[in-house]
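Labels below follow one simple rule: chain letters A, B, ... track the order of the sequence lines, proteins then strands, and each chain is numbered from 1.
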Amino acid sequence: MRTVVRAKTTAATLVAALLASLGTINPALAQDESLSELMAEGRPLYQDNCAACHGDRGQGTGTAPALDGNVNLESRPLIINQVLWGSSEHGMPPFADVMTDREIAAVTSFVRNAWENEFGIVFPRSVELRR
Amino acid sequence: MTKRRNRWCASASALAMCVVAGSALANEDVLRLQEEEGVVVMPSITYNGWNYSPLDQINTDNVDDLVMKWTVQLGITDEFEAPPLIVNDTMYIITPEPNHVYALDLTDNGKILWEYRPPFSDEELSAALEVACCGSQTRGLNYAEGKLFMQTLGGKVIALDAETGEELWLTEAADQIYGETMVGNGIVIGDLYIAGNAGGEYGARGAVTAFDINTGDIQWKYYNMGPNNEVGITDRFQPFYADDQIENPALASWKGDSWKRGGGTSWGYFTYDPDLNMFYYSTGNCGPWNPDYRREWGQVDLDDAGGLETYRNNYCASQLARDATTGELIWAYNITPQDQWDLDEPLITPLVDLEMNGETRKVALKAARNGYFYVWDRETGEIVNDPWPFQYVDFMTGVDKETGRALYDIGKMMFTNEEDRRQYTQAGVLSEEEIALQEEEAALYGTEEEAEQVARGGTDVSWCPGIAARNWENDAYSPQTGLLYTATQTECRTMRVTEGEFTVPQTAEGYRLREYVGEPYNVDVNGNPTEHKSELQANDPVSGETVWRIEWMESNRTPILATAGNLVFQGGEDAGTFRAIDATNGDILWEFRTGTGFGVTPVTYISPEGEQHVAIIGSNRGADEKVEANAEPDAANRYKRQGSTLYVFGLQRDMASAN
């Protein structure tokens with residue numbers, strides 16, 4: 001992640017590749033099922049690991065910003081990186097060592113879809129890819 | 001009042017200014033008290049910001065005999081960052097939000113004489129919490145003339161009667177609509193209590209405000225960026241470098257009206273030189289993090305050496321010196337122009353007189369958050385050392401002594417769009433891994449929204465120090481060793497800046513315009529991968545060398561106290577231990593496990609029995625950091641559980657004699 005870089009691929013090419021792949025699966029259906037599963041697993045994880053700082057309804061506290069209605073969560077990479085690696089400078093601990101991929105996928109899926117949020121699922125593979 | 005002024009004006013060096021300014025100058029009570037051994041009336045003990053105590057009963061020979069004397073539970077379970085004050089056999093402690101204040105009786109093992117709780121409505125409190133970026137900490141309390149001065153997170157500035165805890169005045173001073181909060185830093189100079197503001201992550205515009213210590217009336221407020229009259233730029237503004245000798249330097253260096261929410265808040269500590277009647281502070285990160293919103297979009301003008309020529313965004317991430325009576329800006333130096341790496345600089349500016357190149361110079365020191373060590377002539381703002389990196393720095397290659405410019409590596413600068421970046425550098429846009437990851441995810445999720453998320457990506461930059469070679473935690477300077485002690489860290493990070501909403505007033509949501517990518521990594525001072533996360537460094541401002549360093553395997557960045565006992569005291573949040581360290585060579589001489597984290601400078605004083613005591617508050621952020629029940633005894637977070645306790649230590653033999 002730090003050194004080797006390739007000049008060619010741009011976000012635009014990625015989008016094109018992605019759109020081309022849209023016909024091949026039915027992601028919406030697959031996601032619905034696993035989303036409710038992951039959210040059920042994520043709810044208690046949120047209460048145990050996040051609520052003390054972010055509030056039991058994601059409303060934020062003096063320690064940490066609100067997650068309910070937080071448009072930053074639209075970015076899946078943002079929330080996964082934030083939970084994995086934290087930002088200790090600003091007071092959020094990393095969870096990479098204390099939660100499994102599935103647990104982080106569950107808690108981030110929960111946060112992205114709880115309360116007023118509707119940002120969609122996070123698959124465990126996305127967490128694994130960022131370790 | 002009159003008497004005080006007269007006495008101060010009798011001093012020859014200050015005479016000229018007494019004639020000109022007539023009032024204010026140093027507060028005589030503070031000047032007198034700061035000379036008294038073991039009295040602490042401001043966060044860094046003395047106006048010069050040394051955090052150095054002349055007490056030496058406890059020293060390298062006997063520190064091993066320290067034992068705990070008494071302890072008090074402080075009730076608010078959040079990280080304490082405000083050093084206790086000591087005056088009149090009383091210790092004063094302010095808690096993090098909700099900002100309670102305790103007066104503890106030192107003649108009676110910390111009996112609570114009074115407690116003050118500021119008046120908050122629930123709405124006020126939650127409004128403040130919503131815009132507080134990084135926790136609800138407060139960093140100081142000041143004492144002068146029988147009064148205590150404090151700030152609440154939500155921006156109430158309050159004076160209390162130090163004897164009774166009675167509220168003397170309260171002034172509302174922060175505008176939360178504009179993301180402004182207050183974190184408790186202040187300094188009393190003359191009849192003024194001068195305070196900063198916070199909120200640079202959410203659109204606040206940095207400022208300093210002076211309150212009349214007797215009435216709370218605001219005497220002046222000056223911003224760190226904007227039009228001259230709002231910044232306090234008059235004909236007395238005489239910056240050293242050409243970049244600042246332009247018309248409207250704090251306005252013309254911003255794109256459009258971006259200065260209105262340019263960050264650069266003043267959330268760190270102030271120091272003061274009574275002879276020059278100037279106070280010193282440095283400012284927070286530029287806002288928003290994405291620099292494209294503060295310059296011509298996608299455009300960077302570097303000179304041949306890498307110095308930034310345009311859109312320098314004066315004066316966020318900068319060093320400032322102001323007249324302490326009128327607030328006028330005297331000089332300013334932009335440490336990290338157009339900061340885009342969250343390189344806030346609001347940390348202490350210790351003032352010392354040093355022999356440099358054969359002459360005595362009155363200088364201001366800064367082990368800066370950007371990783372470079374600066375020494376300025378504190379009268380003129382001229383850089384008098386060769387700024388050098390005390391931790392590994394790769395976004396900068398040095399400082400041009402002619403222009404004063406920080407020299408940048410274009411490959412480490414942030415661009416929202418790849419096309420823009422490509423005009424300047426072929427250096428990385430996205431790493432191989434990141435590209436593979438995005439491709440795999442695109443297939444994995446396979447929705448149109450996902451496509452948009454990928455497109456939002458921006459370009460990635462990995463840099464050191466990410467995001468701080470050190471932070472606000474106070475240094476200590478020992479005149480015995482001539483060394484500046486600083487808690488540093490080795491972390492580097494990868495970040496991308498993103499497009500988004502940018503309006504005023506802003507909300508916490510949708511403002512940051514950046515996100516982290518991947519795992520932080522640690523490097524030593526030479527840039528080689530390392531396992532250790534933090535260091536305690538002893539740096540020589542004259543020779544420009546790190547004389548010794550302790551490497552901590554777990555994160556440990558807490559404020560430092562130096563004493564004439566040739567000791568350095570520091571809380572060790574890496575292992576939940578409070579430590580005494582030999583100031584000359586860095587040997588750890590004594591440790592006491594409290595089992596907590598630490599965020600506050602240790603404090604030392606003379607007990608009513610005439611014995612030196614040293615005290616520290618062990619505390620941690622509001623919530624337990626996740627520790628598995630079966631974690632290893634030395635696991636990173638093992639000692640970061642909730643709680644907040646004051647511990648007071650003294651030499652064992654006192655205990656024997658007291659019995």
If you tally heavy-atom pairs under 4.5 Å between each of B:Gln489, B:Glu491, B:Arg557 and chain A, the highest tally belongs to B:Arg557
The interface call for B:Glu419 against chain A, heavy-atom contacts under 4.5 Å, is neither
(message) Quick one, A:Arg76 and B:Glu441 - any side-chain contact, counting heavy atoms below 4.5 Å?
(response) yes
Honestly, the part of A:Leu84 sitting under 4.5 Å from a heavy atom of chain B is neither
task = Please examine the side chains of B:Leu444 and A:Arg125, heavy atoms only from C-beta on, and report whether any two atoms are closer than 4.5 Å.
result = yes
Query raised in the report: Mind checking whether B:Arg493 and A:Ser87 have side chains closer than 4.5 Å, heavy atoms only?
Result: yes
>> With heavy-atom distances below 4.5 Å as the criterion, would you say the side chains of A:Trp85 and B:Thr494 are in contact?
In response: no
Within the side chain of B:Tyr516, is there an N or O that forms a donor-acceptor pair under 3.5 Å with the backbone of A:Pro77? no
Distance col, row B:Arg514:CZ vs A:Asn72:CG, nearest 0.5 angstrom, shows 8.0 Å
What one should report as the nearest heavy-atom pair of B:Val517 and A:Asn81 is CA-ND2, 3.6 Å
Taking the side chain as every heavy atom from C-beta outward, state whether A:Arg130 and B:Leu437 have any atom pair closer than 4.5 Å. yes
Looking only at heavy atoms, the pair that brings B:Tyr445 and A:Phe123 closest together is OH-N, 2.8 Å
